2 protein chains.
Amino acid sequence: MGRSGTGITKGQVVGVAMELADAEGMPAVSMRALANRLQVTPMALYSRIADKEELLDEMLEALLNEIELPDPALHWAERLRLLAHNARAVGHRHPAVFPLLLQRPAITPAAHRPTEVILDALTAAGLDDGQVLRHEHLLSTWLLGFVCSEVSGRFGIGRSPVGHRLAALSKADFPQHKRLRAGLLRRDWDTEFAASIAALLNEIGAAATR
Amino acid sequence: MGRSGTGITKGQVVGVAMELADAEGMPAVSMRALANRLQVTPMALYSRIADKEELLDEMLEALLNEIELPDPALHWAERLRLLAHNARAVGHRHPAVFPLLLQRPAITPAAHRPTEVILDALTAAGLDDGQVLRHEHLLSTWLLGFVCSEVSGRFGIGRSPVGHRLAALSKADFPQHKRLRAGLLRRDWDTEFAASIAALLNEIGAAATR
DNA sequence: ACCTGAACACCGTTCAAGT
DNA sequence: ACCTGAACACCGTTCAAGT
């Protein structure tokens, strides 16, 4: 089942795919490039992996397994805060791979493990079942959206810096952008991330006593 | 500038690209397929559009311009609710194109118009400048994450229905998934979307009086 | 000025042939 | 059983040639 002498394992294929994605981005992750790195014919990969779809699923799985889960003995709010920070750290480590989380359904146990942590913490917070489900959803969606935005350019400068972009907006149509210019120019995503978690934890606390 | 007799316009290229994306998904949107639909050589496109990157940017622009903005005379909470619903509607209309919003920076005025609405509504809600910026960010990130999740499969059944997936989880490691099984099986995204907006509007209201 | 055809350097994947 | 080479049906893009 894999490591027969000269043979290449599925794990190696996925490992090289992750390295390649980290180093050169998702477009560089081709079956042919992978084979090249592994000193093998492209077709040799197809004995370990059915097709490119399965490769992407395996990369997602590897990513999910890298998310460190918080100690269950901690306070529920602290567990949520830690989980969010750990997921974000994995996103920063694998910026090209992380967005796959929002692009394809993850159906393995690895995908459900962080969700279980959130469900458990929200239950401990005192929410009823309906609220637990809704807030799990709110929290994980925000988390994925935030990290994807960070790593894939939405918050980035793109082809023009923020200052330049703001200057291109007319004062008549964008008064708020003009008014908040200073704030828009000096954003700090670490602080913003922490503040958003705090806001969401507040809302959870409020919902628990409603 | 474009429509010289037999000539094809940039707008037509982008329009066909949107149709193709809606009908067959993003992978079907190739320069060659586009040229085919327009009864033209692939290279003829390069006089209207610099390269594929610009094509994707133009598709994003078209998508953003389809988001209907709410009447500024409405109450701030109602404006935010409407904007969120309108953006989601556009996502449902163009499920393959919408995720581009989380994959590339949008730097044109069209991209800033919904943001301006949010900034204005949050200011009207009584938040101070720092809170306006943070909550704009929280709200738009959640919104993009939610709609992307819906249209690109994260909430979907993927290759196995939810019930089947839940059955694969061990009771020992996933007690909350087991406990909340009934709730997980009958989720309704319309309701969930509305409930999450309500929760976020609550948090905004609370922050305003803090 | 605009469009074309041929070409280059890539893709994922199939299939028959070799060891 | 495993790997290979050749091939098929695609990509985005360049460039010289035609009108």
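Within every chain, numbering begins at 1; the chains are lettered A, B, ... in the order of the sequence lines, protein sequences first and strands thereafter. All values reported here derive from a predicted model rather than from experimental measurement.
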Can you list everything that forms a side chain to side chain contact (heavy atoms under 4.5 Å, CB included) with [X]? Sequence neighbours excluded, please.
| X | result |
| --- | --- |
| Ala195(A) | Arg134(B) |
| Thr141(B) | Trp142(A), Phe146(A), Arg154(A), Phe155(A), His137(B) |
| Leu166(A) | Val162(A), Leu169(A), His177(A), Arg181(A), Leu184(A), Leu185(A) |
| Asp173(B) | Ser170(B) |

Just to verify, what does Asp71(B) make a side-chain hydrogen bond (donor to acceptor under 3.5 Å, both in side chains) with, not counting sequence neighbours? none
Quiz: residues 22-35 of chain B side-chain donor-acceptor pairs under 3.5 angstrom, not counting sequence neighbours:
{"residue": "Asp22(B)", "atom": "OD1", "partner": "His94(B)", "partner atom": "ND1", "Å": "3.0"}
{"residue": "Asp22(B)", "atom": "OD2", "partner": "His94(B)", "partner atom": "ND1", "Å": "2.8"}
{"residue": "Glu24(B)", "atom": "OE2", "partner": "Arg37(B)", "partner atom": "NH2", "Å": "3.3"}
{"residue": "Ser30(B)", "atom": "OG", "partner": "Ala33(B)", "partner atom": "N", "Å": "3.0"}

To the nearest angstrom, the CG-C1' distance between Leu45(B) and dC2(C) comes to 13 Å
Measure from CD1 on Ile8(A) to C1' on dT4(D) and round the result to the nearest Å. 14 Å
Identify all pairs in which a protein N or O lies below 3.5 Å from an N or O of nucleotides 16-19 of chain C, and state each distance.
none

Go through the structure and list residues passing salt bridge (Lys or Arg N to Asp or Glu O under 4.0 Å) with Glu54(A), not counting sequence neighbours. Lys10(A)
Got a salt bridge between Arg81(A) and Glu78(A), using NZ or NE/NH1/NH2 to carboxylate O under 4.0 Å? yes
Letter by letter from the 5' end, nucleotides 8-14 of chain D scores (B base, S sugar-phosphate only, - none; protein heavy atoms under 4.0 Å) ---BBBB
Involving DNA chain C, stems made of at least three consecutive Watson-Crick or G-U pairs, both distances under 3.5 Å: C:4-8 with D:12-16, C:12-16 with D:4-8
Could you go through residues 38-45 of chain A and list every donor-acceptor pair under 3.5 Å that involves a side-chain atom there, pairing it with any protein atom two or more places apart or in another chain?
none

Ser47(A) side chain near dC3(D) phosphate (N/O to OP1/OP2, under 4.0 Å): yes
Please name all residues satisfying ring pair (Phe, Tyr, Trp, His ring centres under 6.0 Å) with His85(B), sequence neighbours left out, ordered by chain then number. Phe193(B)
